Amino acid sequence: MWFMYALSWLALLIQAAFVTLGIAAGLYYLAELIEEYTVATSRIIKYMIWFSTAVLVGLYLFEHFPGAMVGVGLFTNLVYFGLLQTFPFIMLTSPNFILSCVLVVLNHYLAFQYFAEEYYPFSEVLAYFTFCLWLIPFAFFVSLSAGENVLPSTMQPGDDVVSNYFTKGKRGKRSGILTVFSFVKEAVLPSRQKIY
């Protein structure tokens with residue numbers, strides 16, 4: 001009896017490792033696609049924001065969600081449109097980015113407060129969190145590395161395009177989420193050197 005119990009815990013650990021590796025591989029591939037197709041990614045994120053806005057309006061009209069929660073969600077989507085104006089260049093110190101982070105936390109607080117008072121099945125709560133709170137910030141998070149490998153298109157006063165490109169935007173150097181995934185890949189599955 002104890003042997004089967006220990007075996008079940010070992011199987012659970014192995015399954016969790018496979019799920020984690022699968023998610024990491026999917027995120028890595030998604031980050032590569034976003035980096036390659038930034039214009040299409042911008043369009044997809046814009047459609048996701050419009051979809052989230054329609055869902056929020058539908059929740060207000062048909063499910064009678066609180067106006068404050070829906071209003072903060074709609075304002076958050078407006079801030080996301082502001083972030084999309086400079087996509088794929090997202091400055092982590094810009095007021096739009098900081099405001100969007102604050103609004104994400106506020107949206108979560110309002111949602112937890114509402115769903116603690118009103119009963120909804122778990123699947124409906126998860127649907128609200130997925131479409132109204134997590135989808136768009138996740139898309140922006142995965143696309144953070146997309147702006148780092150783009151050729152410079154504008155000049156700042158005092159900068160020249162060539163030196164700016166070679167000092168800030170080296171093509172061979174990756175940072176952001178792709179660096180994290182590359183590090184994890186090397187830590188878990190180190191590459192072997194060929195010996196001749």
Side-chain angles (χ1 to χ4, degrees), residues 8-9 11-35 37-88 90 92 94-146 176-178 180-181 184:
S8 68
W9 276 104
L12 182 67
L13 289 175
I14 292 172
Q15 292 165 359
F18 281 138
V19 167
T20 303
L21 285 174
I23 290 172
L27 286 175
Y28 185 80
Y29 181 69
L30 191 61
E32 288 283 340
L33 281 177
I34 288 172
E35 193 174 286
Y37 303 105
T38 55
V39 174
T41 301
S42 173
R43 211 171 316 135
I44 290 169
I45 292 175
K46 180 175 69 172
Y47 293 144
M48 287 177 8
I49 295 171
W50 280 115
F51 178 75
S52 175
T53 301
V55 167
L56 285 167
V57 169
L59 288 172
Y60 180 73
L61 293 177
F62 305 122
E63 295 291 327
H64 306 294
F65 269 49
M69 187 167 82
V70 172
V72 170
L74 292 174
F75 181 67
T76 304
N77 286 349
L78 189 65
V79 172
Y80 291 150
F81 275 122
L83 275 177
L84 208 53
Q85 297 301 316
T86 60
F87 188 83
I90 298 174
L92 300 181
S94 72
N96 251 2
F97 182 78
I98 294 170
L99 183 60
S100 69
C101 291
V102 169
L103 287 172
V104 163
V105 172
L106 179 62
N107 274 325
H108 278 79
Y109 173 75
L110 292 173
F112 282 130
Q113 186 179 11
Y114 176 71
F115 288 118
E117 295 170 359
E118 296 287 328
Y119 172 76
Y120 283 91
F122 179 72
S123 62
E124 294 176 10
V125 174
L126 191 61
Y128 174 79
F129 274 84
T130 301
F131 291 122
C132 298
L133 298 182
W134 294 338
L135 196 62
I136 300 165
F138 181 75
F140 278 120
F141 173 73
V142 172
S143 65
L144 277 177
S145 65
I177 193 168
L178 291 178
V180 172
F181 288 145
V184 170

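Everything numeric in this text was worked out from a predicted model, so none of it was measured.
Applying the ring pair (Phe, Tyr, Trp, His ring centres under 6.0 Å) rule to Y60 yields no partners; only residues at least two apart in sequence or on another chain are considered. By the side chain to side chain contact (heavy atoms under 4.5 Å, CB included) test, S100 pairs with V79, Y80, L83, F97, sequence neighbours left out. Every residue two or more places apart in sequence or in another chain that forms a side chain to side chain contact (heavy atoms under 4.5 Å, CB included) with L78 is listed here: F75. Here Y114 pairs with Y120 under the side chain to side chain donor-acceptor pair (under 3.5 Å) rule; sequence neighbours left out. Remark: L13 pairs with no residue by the side chain to side chain contact (heavy atoms under 4.5 Å, CB included) rule, at least two apart or across chains. Judged as a side chain to side chain contact (heavy atoms under 4.5 Å, CB included), and not counting sequence neighbours, the contacts of V72 are T76, L103, L106, N107, L110. For F112, the ring pair (Phe, Tyr, Trp, His ring centres under 6.0 Å) partners at least two apart in sequence or on another chain are F129. Y37 pairs by the side chain to side chain donor-acceptor pair (under 3.5 Å) definition with nothing, not counting sequence neighbours.
Among residues at least two apart or in separate chains, side-chain hydrogen bond (donor to acceptor under 3.5 Å, both in side chains) pairs with a member in residues 126-137 are H108-W134. Listed by first and then second residue, the side-chain hydrogen bond (donor to acceptor under 3.5 Å, both in side chains) pairs that reach into residues 45-57 are S52-N77, T53-N77, sequence neighbours excluded.
Here L59 contributes atom CG and M69 contributes atom CE; the two are 7.5 Å apart, rounded to the nearest 0.5 Å. How far CD1 of I90 is from CD of Q85: 12.0 Å, rounded to the nearest 0.5 Å. Taken from CE in M48 to CG in L135, the straight-line distance is 4.0 Å, to the nearest 0.5 Å. To the nearest 0.5 angstrom, N96 atom CG is 12.5 Å from F81 atom CZ. With values rounded to the nearest 0.5 angstrom, R43 atom CZ is found 10.0 Å from T38 atom OG1. Interatomic distance, CD1 of I44 versus OG of S143, reported as 11.0 Å (0.5 Å rounding).
You'll find the side chain of V57 stays beyond 4.5 Å of the side chain of V70, heavy atoms only.
For the residue pair C132 and L56, the shortest heavy atom distance occurs at SG-CD2, 3.8 Å. Of all heavy-atom pairs between L133 and A111, the closest is CD1-CB, 3.9 Å.
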